[in-house]
A.B. asks: 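Below: one structure in structure tokens.
We use all heavy atoms of the structure for the numbers below, so side chains are in, but hydrogens, waters and symmetry mates are not.
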Amino acid sequence: MTITAQRGVASAQPRTGDDAATPRSDSPMRPMTLPEPRGQVSAALVRLLTGPEHAPVGDLAVAATEGLAASDDLLVDDDVQLALFLMYELHYGGLEGVPDSWEWDPRLLAVRGSIEREFEEALRRAVRQPVAVRDVPEALFALVGGDDSPSLSAFVERDATAEQVREILACRSIYTLKEADPHSWAIPRLHGAAKSALVEIQADEYGGGRADRLHATIFAQTLRGAGLDDRYGAYADHVPVEVYTSMNLMSLFGLHRRLRGAIVGHLAAYEMTSSLPCRAYANGLRRLGFGEDVADYFDEHVEADAVHEQLAARDLAGALAEEEPELARDILFGASACLTVDGRLWGSLRRRFERGESALRRPLA
């Protein structure tokens with residue numbers, strides 16, 4: 001049976017259980033359904049957000065303090081990373097059934113701040129800090145060129161099964177269904193040439209004025225074509241913790257003005273390592289018999305990100321370093337953090353696949 005035929009079966013049969021589909025909204029940022037907690041911190045947060053508005057946050061504060069103290073490695077702590085992700089989600093599309101007033105509740109922000117401080121410290125311990133130089137673009141190219149993380153895209157191109165590809169797409173959905181949004185927080189924090197370059201990159205990410213070519217929209221088409229659920233957060237209970245760590249890294253950098261250099265560096269590294277892997281993904285999808293509707297997202301990025309690579313490294317990061325030289329160190333830190341955290345994420349998926357294991361916490365429908 002071909003993949004196309006399997007897709008037809010998947011889309012024709014109603015989903016049940018954990019993956020039961022609800023009618024899709026045309027809104028690109030639908031409120032996310034709350035996932036199941038993964039420990040005491042995320043459980044306390046969910047109880048707070050779904051309880052009476054303006055309820056006391058004492059239980060959450062205690063749970064966060066205890067959870068942080070007990071964590072052996074915050075970067076792979078399922079409970080704390082999920083809780084932080086849900087707090088950040090209040091600034092994006094929101095959470096289903098949760099009042100918008102929680103977004104700026106100072107008590108909730110205080111708890112989030114305590115988690116963020118520990119998260120940032122854990123990142124700075126884990127991420128290699130490149131030497132800060134004024135010629136930031138060349139330092140970025142050297143940093144990216146020296147990255148030796150295991151290549152998941154090469155595995156997809158040559159060896160992955162259709163089911164493994166579907167698991168990868170489910171993992172990518174947490175970020176890609178709101179692709180570019182974390183980096184857009186930097187737009188009002190930049191000036192001159194750096195701002196202009198960032199807006200040029202983001203305009204492409206958002207479809208160049210065409211809603212149907214929003215990269216998030218194209219990826220939703222990819223999910224549907226692969227027989228997967230395109231609702232934002234549909235696989236929140238399935239994905240491993242590394243997915244949330246990657247997403248939280250972007251939100252941490254994007255939502256704090258003092259880290260504007262880091263979010264620029266993150267975007268630069270992201271764009272500089274996208275074009276060739278996307279070509280490999282597209283090749284792998286075609287090898288497995290997936291249709292053009294599934295490959296379209298990756299095809300789109302082959303050419304676009306080849307252009308974005310130079311824009312991000314030279315016109316964005318380079319211009320920012322010229323205008324604010326004191327941010328050079330943060331730009332390189334953000335790039336290194338992107339390579340480290342995403343390298344761990346996609347490398348862990350490849351290792352699980354090579355051991356014959358699923359990458360997910362629970363099976364797809």
Side-chain angles (χ1 to χ4, degrees), residues 73 75-76 120 122-133 135-160 168 171-172 175-176 179-180 182-183 201 240-250 252-254 259 261-284 298 301-302 304-318 320-321 327-354 359:
D73 184 353
L75 300 187
V76 290
E120 185 176 347
L123 285 168
R124 293 190 181 277
R125 288 192 300 268
V127 173
R128 180 174 67 87
Q129 174 65 59
V131 176
V133 294
D135 190 3
V136 164
E138 296 311 313
L140 286 170
F141 281 109
L143 180 64
V144 169
D147 181 42
D148 59 356
S149 301
S151 175
L152 183 61
S153 61
F155 178 79
V156 170
E157 185 172 31
R158 298 188 301 264
D159 302 313
I168 294 168
C171 288
R172 291 183 69 106
Y175 165 67
T176 312
E179 183 168 346
H183 300 107
I201 293 170
V241 61
E242 293 91 347
V243 170
Y244 288 123
T245 305
S246 175
M247 188 66 235
N248 289 340
L249 174 70
M250 288 182 267
L252 173 71
F253 289 167
L259 295 172
I263 192 63
V264 164
H266 185 284
L267 178 58
Y270 195 91
E271 296 292 345
M272 294 167 73
T273 55
S274 176
S275 181
L276 293 179
C278 280
R279 185 185 301 278
Y281 277 119
N283 290 341
F298 298 98
H301 284 72
V302 172
D305 289 351
V307 175
H308 289 176
E309 175 180 358
Q310 297 295 326
L311 268 174
R314 302 189 186 281
D315 298 347
L316 172 57
L320 180 60
L327 296 183
R329 182 178 176 84
D330 276 353
I331 293 170
L332 296 179
F333 169 68
S336 186
C338 175
L339 297 176
T340 300
V341 172
D342 283 5
R344 288 183 176 188
L345 164 59
W346 304 122
S348 70
L349 264 63
R350 175 168 177 160
R351 286 189 292 274
R352 290 167 191 166
F353 291 150
E354 289 175 335

A.B. asks: Has Ser336 got a side-chain atom pairing as donor or acceptor with Arg128's backbone, closer than 3.5 angstrom?
C.D. replies: yes
A.B. asks: Do Leu349 and Ile168 have side chains that get closer than 4.5 Å, going by heavy atoms?
C.D. replies: yes
A.B. asks: Should we say atom CZ of Arg279 is surrounded by more than 12 heavy atoms from elsewhere, each under 6.0 Å from it?
C.D. replies: no
A.B. asks: Return the CG to CE distance between Asp342 and Met247, rounded to the nearest 0.5 Å.
C.D. replies: 10.5 Å
A.B. asks: If every non-hydrogen atom of Ala268 is compared with every non-hydrogen atom of Leu140, which pair is closest and at what distance?
C.D. replies: CB-CD1, 4.0 Å
A.B. asks: Between Arg352 and Glu242 (salt bridge meaning N to carboxylate O under 4.0 Å), is one present in this structure?
C.D. replies: yes
A.B. asks: Provide the closest heavy-atom pair for Ala321 versus Val136 in the form atom of the first, atom of the second, distance.
C.D. replies: CB-CG2, 3.5 Å
A.B. asks: So how far is it from Arg351 CZ to Phe155 CZ, rounded to the nearest 0.5 Å?
C.D. replies: 12.5 Å
A.B. asks: Working to the nearest 0.5 Å, report the span between CG of Leu267 and CD1 of Ile331.
C.D. replies: 11.5 Å
A.B. asks: When you measure from the side chain of Tyr281 to the backbone N and O of Leu276, does any donor-acceptor pair fall under 3.5 Å?
C.D. replies: no
A.B. asks: Is any side-chain heavy atom of Pro182 closer than 4.5 Å to a side-chain heavy atom of Tyr175?
C.D. replies: yes
A.B. asks: Listed by chain and number, what are the side-chain hydrogen bond (donor to acceptor under 3.5 Å, both in side chains) partners of Asp147, not counting sequence neighbours?
C.D. replies: Ser149
A.B. asks: Looking only at non-hydrogen atoms, find the nearest pair between Cys338 and Tyr270 and report the distance.
C.D. replies: SG-N, 3.9 Å
A.B. asks: Which atom names give the shortest non-hydrogen contact between Ala337 and Leu249, and what distance separates them?
C.D. replies: O-CD2, 3.7 Å
A.B. asks: Does Glu271 form a side-chain hydrogen bond (donor to acceptor under 3.5 Å, both in side chains) with His183? I'd like the steps, not just the answer.
C.D. replies: CA-CA 12 Å; Glu271 296 292 345; His183 300 107; over 6 Å; no
A.B. asks: Under 4.5 Å between any side-chain heavy atoms of Leu311 and Leu316, yes or no?
C.D. replies: no
A.B. asks: Is Ser151 close to Arg350 at the side-chain level, that is, under 4.5 Å between some pair of heavy atoms?
C.D. replies: yes
A.B. asks: With a 4.5 Å cut-off on side-chain heavy atoms, are Cys171 and Trp346 touching?
C.D. replies: yes
A.B. asks: Counting C-beta onward and ignoring hydrogens, is there a side-chain heavy-atom pair between Leu152 and Leu345 closer than 4.5 Å?
C.D. replies: no
A.B. asks: Looking only at heavy atoms, which two atoms of Ala126 and Thr340 are closest? And how far apart?
C.D. replies: O-CG2, 4.2 Å
A.B. asks: About how many Å separate CG of Leu75 and CZ of Arg125, when rounded to the nearest 0.5 Å?
C.D. replies: 8.0 Å
A.B. asks: Got a second to check how far Ser153's OG is from Arg158's CZ, nearest 0.5 Å?
C.D. replies: 9.0 Å
A.B. asks: Is the Phe253 ring parallel, tilted or perpendicular to the His266 ring (thresholds 30°, 60°)?
C.D. replies: perpendicular
A.B. asks: Just verifying a value: how many Å separate Leu320 CG and Asp330 CG, rounded to the nearest 0.5 Å?
C.D. replies: 9.5 Å
A.B. asks: A side-chain contact here means heavy atoms from C-beta on lying under 4.5 Å apart; do Leu123 and Leu252 qualify?
C.D. replies: yes
A.B. asks: Look only at the side chain of Gln129 and the backbone of Arg329, and say whether a donor-acceptor pair between them is shorter than 3.5 Å.
C.D. replies: yes
A.B. asks: Hey, are the side chains of Ser275 and Glu309 touching, using non-hydrogen atoms and a 4.5 Å cut-off?
C.D. replies: no
